[in-house]
Participant: 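I have a structure here, written as structure tokens, and I will follow up with some questions on it.
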Amino acid sequence: MNRSGPPLAQPRQGAVDMQRRFNPLEADAKWQRIWDEKQSFRADDASTKPRSYVLEMFPYPSGRIHIGHVRNYTMGDVLARYRRMIGHEVLHPMGWDAFGMPAENAAMEKKVHPGDWTRSNIANMKAQLKKLGFALDWSREIATCEPDYYGHEQALFLDLYEAGLVYRKESAVNWDPVDMTVLANEQVIDGRGWRSGALVEKRKLNQWFLKITQFADDLLEGLKGLDQWPDKVKLMQENWIGKSQGLQFRFRLDAPVGDITELEVFSTRPDTIFGASFAAIAADHPIALALAEKDAQLAAFAEECRRTGTAAAEVETQEKKGYDTGLSVIHPFLPDRRLPLFVANFVLMEYGTGAVMAVPAHDQRDLDFARKYMLPTPRVVAAPGDEDKPIGEEAYTGPGRLINSGFIDGMDVEAAKAAVIARAEAEGWGLGTTIWRLRDWGVSRQRYWGTPIPFIHCDGCGVVPVPKDQLPVKLPEDVSFDIPGNPLERHPTWRHVDCPQCGQPARRETDTLDTFVDSSWYFIRFASQPDDRPFDKAEAERWLPVGQYIGGVEHAILHLLYARFWTRALSHIGLIDVKEPFAGLFTQGMVTHETYKAPDGRWLAPQEIEKRGDVFVVSDTGEPVTLGRVEKMSKSKKNVVDPDDIIDQYGADAVRWFMLSDSPPERDLPWTASGIEGSWRFVNRLWRLFGEAGERGEDGSDKALDRKLHQTIDGIAKDIEALSFNKAVAKIYELANVIEKAAPSASRAEAIRALALLVAPMVPHLAEEAWADMGGEGLIADAAWPPVDPALLVDDEVTIAVQVMGKLRDTITVAKGLPKAEVEALALAAPNVARTLDGAVPKKIIVVPDRLVNLVV
RNA sequence: GCGGACGUGGCGAAAUCGGUAGACGCAGCGGACUUAAAAUCCGCUUCCCUUCGGGAGUGCGGGUUCGAGUCCCGCCGUCCGCACCA
């Protein structure tokens with residue numbers, strides 16, 4: 001595989017060779033230069049046209065673009081170019097999410113400054129993107145690592161501070177010992193740092209936080225209006241925000257622990273309170289901590305609980321374990337009933353009050369635990385007829401009426417919840433409460449390569465914001481990464497400043513901001529970028545919200561939720577009148593590739609193997625190769641394809657075409673060598689076809705071809721708007737097939753010309769070349785989408801299926817809209833139908849106009 | 001364990017509202033052109049039965065309907081996400 005010579009190996013003259021083979025090496029560069037010179041894709045802020053803001057998630061400048069970027073940006077590009085053709089003013093910008101750890105890692109490994117590394121990566125990747133011919137407005141390019149971006153971010157951060165949305169608190173944080181940085185809870189995966197993979201330790205530090213929880217309800221409610229978002233993503237955010245309503249109440253302890261006499265718990269099922277058979281607290285609960293001081297066994301158990309990973313999948317399959325404290329709590333309605341108090345490994349301190357009332361009959365976790373420790377499992381909710389049915393190994397969580405439950409007996413679940421909450425509130429030991437799973441956003445990072453947090457610590461004045469006229473607080477350039485930790489802390493001069501308030505010597509904050517802050521407002525800066533402030537309100541509002549945002553589903557929660565929050569926060573303080581930053585969201589699938597394994601189990605790159613007969617072997621050694629699964633491209637599996645290699649071999653258009661073909665964009669796209677070959681063949685087929693644009697035959701019209709053309713124009717427009725590029729591609733193939741078979745005519749010449757316009761958003765270089773070749777006016781990039789004649793969208797004849805008892809027996813072709821009676825007659829007369837009926841008379845005839853006839857005998 | 005999505009030829013997939021399943025592409029097979037190859041073009045290509053023509057078929061088992069890939073019930077499988085969420 002990959003053994004066939006590169007298609008571009010043969011020498012060629014100009015962009016058009018003698019056999020009319022398209023030469024992308026020439027054409028790509030030529031048109032890219034012309035688009036640049038003419039500033040074709042620069043968005044005009046003052047335009048009066050309808051506006052489209054098309055945005056793909058900006059890349060991290062890792063050094064090379066990945067084939068996944070190519071897919072992402074090609075999709076956005078087709079939409080952007082199409083929108084231009086239908087007369088929109090399009091904003092389609094690009095930039096760089098340029099702060100972050102890899103730059104510091106590179107600095108440590110390669111002794112290169114993070115800034116130099118990042119800027120050179122940006123230059124490389126920009127060149128790569130340019131080779132793909134994207135219709136981007138490069139005049140608005142942003143790199144978040146430049147002071148003219150992060151300085152404005154500091155200003156916004158100070159605004160949020162003034163509005164009370166920023167605060168500091170000491171809190172236990174996830175300390176990544178490898179990256180020497182703090183990770184948000186959301187960024188810890190399986191107890192490990194999401195980037196470094198190092199086991200996370202707990203440390204207490206003073207941290208900067210953003211009050212995202214203040215907007216929890218609004219962020220949740222806002223999801224309802226996002227009708228152009230995938231349901232999947234909305235659901236993930238909903239679960240992440242995690243609103244639950246229930247009763248927060250206090251159990252009295254039967255004996256005090258130190259000065260603690262009560263246990264505060266939260267339950268979403270207060271209706272089941274009469275079924276409670278024990279209570280459980282987290283290992284880090286104050287009561288547990290107090291008891292552990294005098295109970296070595298408990299201390300050991302608590303330590304074991306802390307070591308367990310935080311990930312659900314890991315923990316949920318683990319065995320439920322508890323430690324009996326020997327204490328009991330007193331049931332609020334049944335003073336005689338004592339519930340034993342356990343420390344349990346399935347209760348989390350971070351959620352609710354870190355304590356639960358356990359109702360084994362109606363909660364599976366509680367039931368598993370009760371079975372293990374032989375605790376009672378009294379049923380208190382039953383469906384009709386189930387009242388005496390014992391609880392087995394499955395908790396009953398369905399609807400029903402309350403039993404064995406005192407004053408709420410006979411009520412349904414919802415009524416009982418309300419009644420218990422009302423009674424608890426009346427008696428003063430509980431309160432109906434809403435709790436959230438969402439926690440405030442910790443934005444401090446103990447890291448150099450990020451936006452400096454613009455504050456100063458003064459012994460006399462405390463924490464003092466840097467005055468806005470002293471922004472940006474720039475990162476010092478002279479830093480070293482010879483030893484781990486934050487270079488800002490050990491810089492000889494940078495952190496030493498005078499306090500803006502009292503003038504006494506003070507110290508700069510050395511934490512920098514989470515890079516998710518950088519990406520929480522870049523789409524606003526794209527829309528408006530004055531020098532003296534982050535953005536102009538009116539200018540930004542002209543473009544926002546982003547009409548179509550496209551990116552990977554891996555950002556479904558963190559980035560998208562933070563950006564939604566940040567935009568709300570800015571709106572809250574009056575900086576912009578937009579709450580939802582992204583009106584439309586599309587999450588594209590990954591690009592995958594087959595994997596190959598040698599007999600010894602090592603992964604092989606596609607270049608290392610070849611096909612001999614029906615089997616794959618290692619080229620050098622002839623060893624047999626096992627075909628692995630089709631998987632996401634990754635360096636470790638050696639199944640990565642470098643976009644640059646492919647572009648050099650086939651040109652940008654074939655690559656773009658392949659990215660759009662076959663697989664629905666939300667699904668994974670398997671990269672195959674034969675697939676890109678096929679795309680390359682089609683690019684050349686189009687090119688040959690465009691060469692026939694001048695052949696008009698006898699200059700007559702071809703009604704069938706006219707119809708096909710107009711149906712295709714209409715269909716493709718709808719497909720592109722729906723981002724169903726694979727369907728648009730299929731329609732292009734169909735049209736090309738029909739045109740190729742048609743005899744030369746004025747209609748055919750017109751169809752070829754229109755075909756160039758239809759493919760222009762997808763294969764723009766080829767389309768420009770063809771457009772120039774056929775004498776089109778101006779650039780095809782500036783041309784209008786071909787108009788549709790509605791009269792040509794409908795066929796005047798239709799083929800109708802004729803079924804007998806639901807089985808297809810024949811088809812008939814009739815005039816569209818033919819009356820039922822006539823259709824019936826023709827159906828009955830169809831030869832195969834007549835034979836099948838064999839004289840039988842249909843009992844019933846179902847006629848679906850213009851679609852089918854079904855005869856029931 | 002919980003939540004979600006999906007399951008259609010050898011492969012990627014199409015199939016507005018319940019109305020001709022498999023469009024289009026890839027791979028494969030056969031043919032034309034060529035000294036030969038590449039490129040290109042033409043044809044075939046869900047499975048089974050010998051052809052005309054039938055039969056079966058959208059993960060499995062039921063159901064609703066004149067008619068089910070599509071709707072309902074119950075399974076099975078694959079993938080994705082996850083925070084034991086009380």
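Per chain, numbering begins at 1; letters A, B, ... match sequence-line order. Computed from a prediction, not measured in an experiment: that's the story for all the values here.
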Participant: Using a heavy-atom cut-off of 4.0 Å across all strands, would you classify A:N737 as base, sugar-phosphate, or nothing?
Facilitator: sugar-phosphate
Participant: Could you check which of B:C41, B:G81, B:A86 has an atom nearest any side-chain atom of A:R688?
Facilitator: B:C41
Participant: Between B:G25, B:G55, B:A86, which nucleotide gets closest to the side-chain atoms of A:R685?
Facilitator: B:G25
Participant: Going through the checks in order, is the ring-ring contact (aromatic ring centres under 6.0 Å, His included) test met by A:F346 and A:F369?
Facilitator: CA-CA 9 Å; A:F346 66 92; A:F369 191 89; 5.5 Å; yes
Participant: Is the base of B:C17 syn or anti, where syn means the angle lies within 90° of 0?
Facilitator: syn
Participant: How far, in whole Å, is B:C66 from B:G1 if one measures between their C1' atoms?
Facilitator: 46 Å
Participant: Rounded to whole angstrom units, what separation is found between the CZ atom of A:F22 and the C1' atom of B:U40?
Facilitator: 19 Å
Participant: Pick one: which of A:T434, A:I421, A:T433, A:V265 meets side-chain contact (heavy atoms from CB on, under 4.5 Å) with A:Q248?
Facilitator: A:T433
Participant: Can you tell me how far C1' of B:C82 sits from CH2 of A:W240, to the nearest Å?
Facilitator: 8 Å
Participant: Report the secondary structure of RNA chain B in dot-bracket form, marking unpaired bases with a dot and bases paired to a different strand with |, and treating Watson-Crick or G-U pairs with both distances under 3.5 Å as paired.
Facilitator: (((((((..(((......[....))).(((((.......))))).((((...))))..(((((..]....))))))))))))....
Participant: For B:A56 and A:K807 - does any side-chain N or O of the residue sit under 4.0 Å from the phosphate oxygens OP1/OP2?
Facilitator: yes
Participant: To the nearest Å, how far apart are A:N345 CG and B:C84 P?
Facilitator: 11 Å
Participant: Using the side-chain contact (heavy atoms from CB on, under 4.5 Å) rule, pick out the option among A:V380, A:D271, A:V413 that qualifies with A:H362.
Facilitator: A:V380
Participant: Say we look at B:G63 and B:A27: how far apart would their P atoms be, to the nearest angstrom?
Facilitator: 44 Å
Participant: For the residue pair A:I800 and A:V823, what are the closest heavy atoms and their distance?
Facilitator: CD1-CG1, 4.0 Å
Participant: Distance between the P atoms of B:A5 and B:C73, in whole angstroms?
Facilitator: 14 Å
Participant: Nearest-Å distance, CH2 (A:W680) to P (B:U40)?
Facilitator: 10 Å
Participant: Could you tell me the separation between the CD1 atom of A:I716 and the P atom of B:C24, rounded to a whole number of Å?
Facilitator: 15 Å
Participant: Would you check if the distance from the ring center of A:F249 to the ring center of A:F266 is below 6.0 Å?
Facilitator: no
Participant: Give the ring-plane orientation class for A:F342 versus A:Y373, where under 30° counts as parallel, over 60° as perpendicular and anything between as tilted.
Facilitator: tilted
Participant: Contact between A:E666 and A:Q588 at the side-chain level, heavy atoms closer than 4.5 Å - yes or no?
Facilitator: no
Participant: Determine: side-chain N/O of A:N832 to OP1/OP2 of B:C52, distance under 4.0 Å, yes or no.
Facilitator: no
Participant: Rounded to the Å, how far apart are A:E677 CD and B:A38 C1'?
Facilitator: 12 Å
Participant: For atom P, what is the distance between B:G59 and B:C6, given to the nearest Å?
Facilitator: 13 Å
Participant: Taking syn as any angle within 90 degrees of 0 and anti as the rest, which one fits B:G55?
Facilitator: anti
Participant: Using the C1' atom as the point on both nucleotides, what is the distance between B:C84 and B:C79, in whole Å?
Facilitator: 23 Å
Participant: Taking for each residue the nucleotide of RNA chain B bearing the nearest heavy atom, is the 5' side occupied by A:K741 or by A:K243?
Facilitator: A:K741
Participant: Using atom C1' in both nucleotides, what's the gap between B:G62 and B:G9 to the nearest angstrom?
Facilitator: 26 Å
Participant: Using heavy atoms to find the nearest nucleotide of RNA chain B for A:L235 and A:G675 separately, return the residue whose nucleotide is more 5′.
Facilitator: A:L235
Participant: Treat primed atoms plus P, OP1 and OP2 as sugar-phosphate and everything else as base, then score nucleotides 10-20 of chain B 5' to 3': B for base contact with protein heavy atoms under 4.0 Å, S for sugar-phosphate contact only, - for none.
Facilitator: --BSSS---BB
Participant: In whole Å, measure the gap between the P atoms of B:A38 and B:C33 for me.
Facilitator: 15 Å
Participant: Using the six-membered ring wherever Trp is involved, compare the ring planes of A:Y733 and A:F682 and label them parallel, tilted or perpendicular (cut-offs 30° and 60°).
Facilitator: tilted
Participant: Does one side chain, of A:T213 or A:D440, offer a donor that lies under 3.5 Å from an acceptor on the other?
Facilitator: yes
Participant: Could you report the tightest heavy-atom contact between A:H331 and A:F274, atom names first, then the distance?
Facilitator: NE2-CA, 3.9 Å
Participant: In this structure, how many angstroms lie between the C1' atom of B:C6 and the CE atom of A:M590, rounded?
Facilitator: 14 Å
Participant: For A:K321 and B:G1, what is the distance between atoms NZ and P respectively, to the nearest whole Å?
Facilitator: 19 Å
Participant: How are the rings of A:F22 and A:W687 set relative to one another: parallel (under 30°), tilted (30 to 60°) or perpendicular (over 60°)?
Facilitator: tilted
Participant: Using atom C1' of each nucleotide, how far apart are B:A13 and B:U46 to the nearest Å?
Facilitator: 14 Å
